[in-house]
2 protein chains.
Amino acid sequence: MNHFDMQLSPPSRRESGKRIARTHAALLDALLLLLEEKAFEQITVKEITGRAKVGYATFFRRYPDKEALLHDLAAQEIQNLLTMTLPIFHTADTTASTQALCAYVWKHRKLWRALLTGGAAATLKEEYLRLALQVAEQQIDSDAWLPVDLAVRFSVTALVETLSWWLIHDAPPNVEAMAGIVNRLAVQPVFSPAD
Amino acid sequence: MNHFDMQLSPPSRRESGKRIARTHAALLDALLLLLEEKAFEQITVKEITGRAKVGYATFFRRYPDKEALLHDLAAQEIQNLLTMTLPIFHTADTTASTQALCAYVWKHRKLWRALLTGGAAATLKEEYLRLALQVAEQQIDSDAWLPVDLAVRFSVTALVETLSWWLIHDAPPNVEAMAGIVNRLAVQPVFSPAD
DNA sequence: ACAAATATGATTCACTGTGTATCATTTATT
DNA sequence: AATAAATGATACACAGTGAATCATATTTGT
């Protein structure tokens, strides 16, 4: 580590966690920090490793490329979001589900702002869409006037777009108001019966 | 021109138009062709100039970068689409406007498929959104429950998404059916009154 | 505490793509 | 025909990606 270690902490009793884990976390943290500053595409591996105080080559020992690191960062959060999204399509009253969803996103707004408002958004949305389509094929029973795959694609897109707007807005609506908006824009249109 | 020109057309009497125009058109055509094959980001300037049978350096004499060429290709079409979109927000019956919009896109579906289904889509949407927001600030009077900028962003996003789905779909709905879907998903939700 | 296994740091390399510069050649203009 | 402009071809500097290598630091098993 650095030259000041002997002053900052006892060399004899270091962090007992594995070095791998520390490097791993350092890379994830660095990407998250950088995502708050600039778009994903503009971030270089050199910047990530520099911010993480990790060797350049070390990056490629763990991840094949930038996208893999992003996926690693986002995978669990995406799964969580999807889990909170699905009940919407099984309940008559969608209000409760959308409120829970918005509350969750608001709670983790720092992370989601980084994920949704940079260049990472496209990748994130694709992953989210992929998972959602898998589930939808088996579970969701859409009205005939709207093909299921389009319904899912529309809802996911509208959800991501409205949430992105929410998270970058100067004076954002509270959770309840936002849930109402999400419900009207991303959920209800799919359920509206045909003429 | 290729090596068979001497067999196909007299070398002594070439196209009389300016050389600039020919190069210009060749670059635009090449990008359009490539957009039908792969995403915009994956297309290199070398590929464009190769396809256009134009010198590599020539590209940079006309455009500062790839994005400028894309913008040049799309600018007029975007303006046209916006012009067809706007009446939707000034008429009580939105059906006629969405039908006209879908008919226009279907008529130029080859171009729009290339523009909307590749990596160019994000840039296109941003440009479309920018123009739409300019107009909306002055003209559109949204319901209080939905901020104007979110309404515009939502409608543009939903429109782009539904149209993209339409243009890549195997057995796409006809113009009338698609206009109905667009109306329900991208237009009506913005106009729905609050509870 | 010690030795073996492993993770890392630092550096180098080949490769791809961008954008600029130069100069000879082709095309357009008059 | 003479001049001006556009182009082709090429070389170049630069940035970024991944792979490879070797010495060093750290962890793990005993």
Side-chain angles (χ1 to χ4, degrees), chain A residues 1-6 8-31 34-35 37-72 119-120 123, chain B residues 1-3 5-6 9-31 34-35 37-72 119-120 123:
Chain A
M1 297 312 147
N2 62 45
H3 309 298
F4 308 108
D5 272 0
M6 69 183 73
L8 296 174
S9 64
S12 55
R13 193 196 171 282
R14 299 194 144 279
E15 287 280 17
S16 59
K18 306 177 184 181
R19 199 154 63 144
I20 295 178
R22 269 189 291 124
T23 302
H24 191 245
L27 289 173
L28 289 173
D29 289 349
L31 177 58
L34 286 167
L35 278 174
E37 298 173 12
K38 53 166 72 173
F40 178 69
E41 298 86 16
Q42 308 175 349
I43 299 174
T44 66
V45 175
K46 199 173 181 180
E47 281 176 311
I48 297 173
T49 55
R51 189 70 64 101
K53 300 209 168 105
V54 155
Y56 176 73
T58 302
F59 181 92
F60 297 100
R61 291 184 177 115
R62 191 165 311 274
Y63 298 103
D65 47 41
K66 261 192 323 184
E67 281 69 25
L69 177 62
L70 175 63
H71 186 274
D72 196 11
T123 306
Chain B
M1 313 308 163
N2 60 45
H3 307 299
D5 273 0
M6 67 183 74
S9 67
S12 55
R13 193 197 168 282
R14 297 193 149 279
E15 289 280 16
S16 59
K18 305 178 186 179
R19 201 154 60 143
I20 295 179
R22 270 189 290 125
T23 301
H24 191 246
L27 289 173
L28 289 173
D29 289 350
L31 177 58
L34 286 167
L35 277 174
E37 298 173 11
K38 53 166 71 174
F40 178 68
E41 298 86 14
Q42 309 174 348
I43 299 174
T44 66
V45 175
K46 199 174 180 179
E47 281 177 311
I48 297 172
T49 55
R51 190 70 66 99
K53 301 210 168 107
V54 157
Y56 175 73
T58 302
F59 180 91
F60 298 98
R61 291 187 177 113
R62 191 162 312 273
Y63 299 102
D65 47 41
K66 260 192 327 184
E67 280 69 27
L69 176 62
L70 176 62
H71 186 274
D72 196 11
T123 305

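Naming convention: chains lettered A, B, ... in sequence-line order (proteins, then strands); numbering from 1 in each chain.
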Residues two or more places apart in sequence or in another chain: which of them pass salt bridge (Lys or Arg N to Asp or Glu O under 4.0 Å) with A/E37? A/R51
Please report, rounded to the nearest Å, how far the C1' atom of D/dT7 is from the CD1 atom of B/I20. 10 Å
Mind listing the closest non-hydrogen atom pair of A/Q42 and A/E47 along with its distance? O-OE1, 3.5 Å
Between A/K46 (side chain) and A/Y56 (backbone), is there a donor-acceptor pair under 3.5 Å? no
Quick check on the helix from C/dA1-D/dT30 to C/dT30-D/dA1: what's the angle between its two end axes, five base pairs per end, to the nearest 10°? 30°
A/H24 NE2 - C/dT8 P separation (whole Å): 10 Å
Crowded around A/K38 NZ? As in, over 12 foreign heavy atoms under 6.0 Å? yes
Can you find a side chain N or O atom of B/T23 that sits less than 4.0 Å from OP1 or OP2 on D/dT7? yes
Rounded to whole Å, please give me the gap between NZ in B/K46 and C1' in C/dC15. 12 Å
B/Y63 and B/H24 have their tightest heavy-atom pair at OH-NE2, 3.0 Å
Quick one, which residues of residues 56-69 of chain B touch DNA chain D with a heavy atom under 4.0 Å? B/A57, B/T58, B/R61, B/R62
Please list, in numerical order, the residues of residues 48-55 of chain A that have a heavy atom closer than 4.0 Å to any atom of DNA chain C. A/K53, A/V54, A/G55
Where is the tightest heavy-atom contact between A/L35 and A/A120, given as atom of each residue plus distance? CD2-CB, 4.2 Å
Does A/K53 use its side chain to pair, donor to acceptor, with the backbone of A/A26 at less than 3.5 Å? no
Tell me, please, which residues at least two apart from A/E67 pass salt bridge (Lys or Arg N to Asp or Glu O under 4.0 Å). none
Looking only at atom types and distance, does a side-chain atom of B/K66 sit under 3.5 Å from a main-chain N or O of B/I43, one as donor and one as acceptor? yes
Has the side chain of A/R19 got a donor or acceptor that lies under 3.5 Å from a partner of the other kind on the base of C/dT6? no
Kindly write out the residues that satisfy side-chain hydrogen bond (donor to acceptor under 3.5 Å, both in side chains) with B/R61, not counting sequence neighbours, or none if the list is empty. B/T58
Looking only at heavy atoms, what is the nearest atom pair of A/L27 and A/L69, with distance? O-CD2, 4.0 Å
Output the rounded distance in Å from NZ (B/K18) to C1' (D/dA6). 12 Å
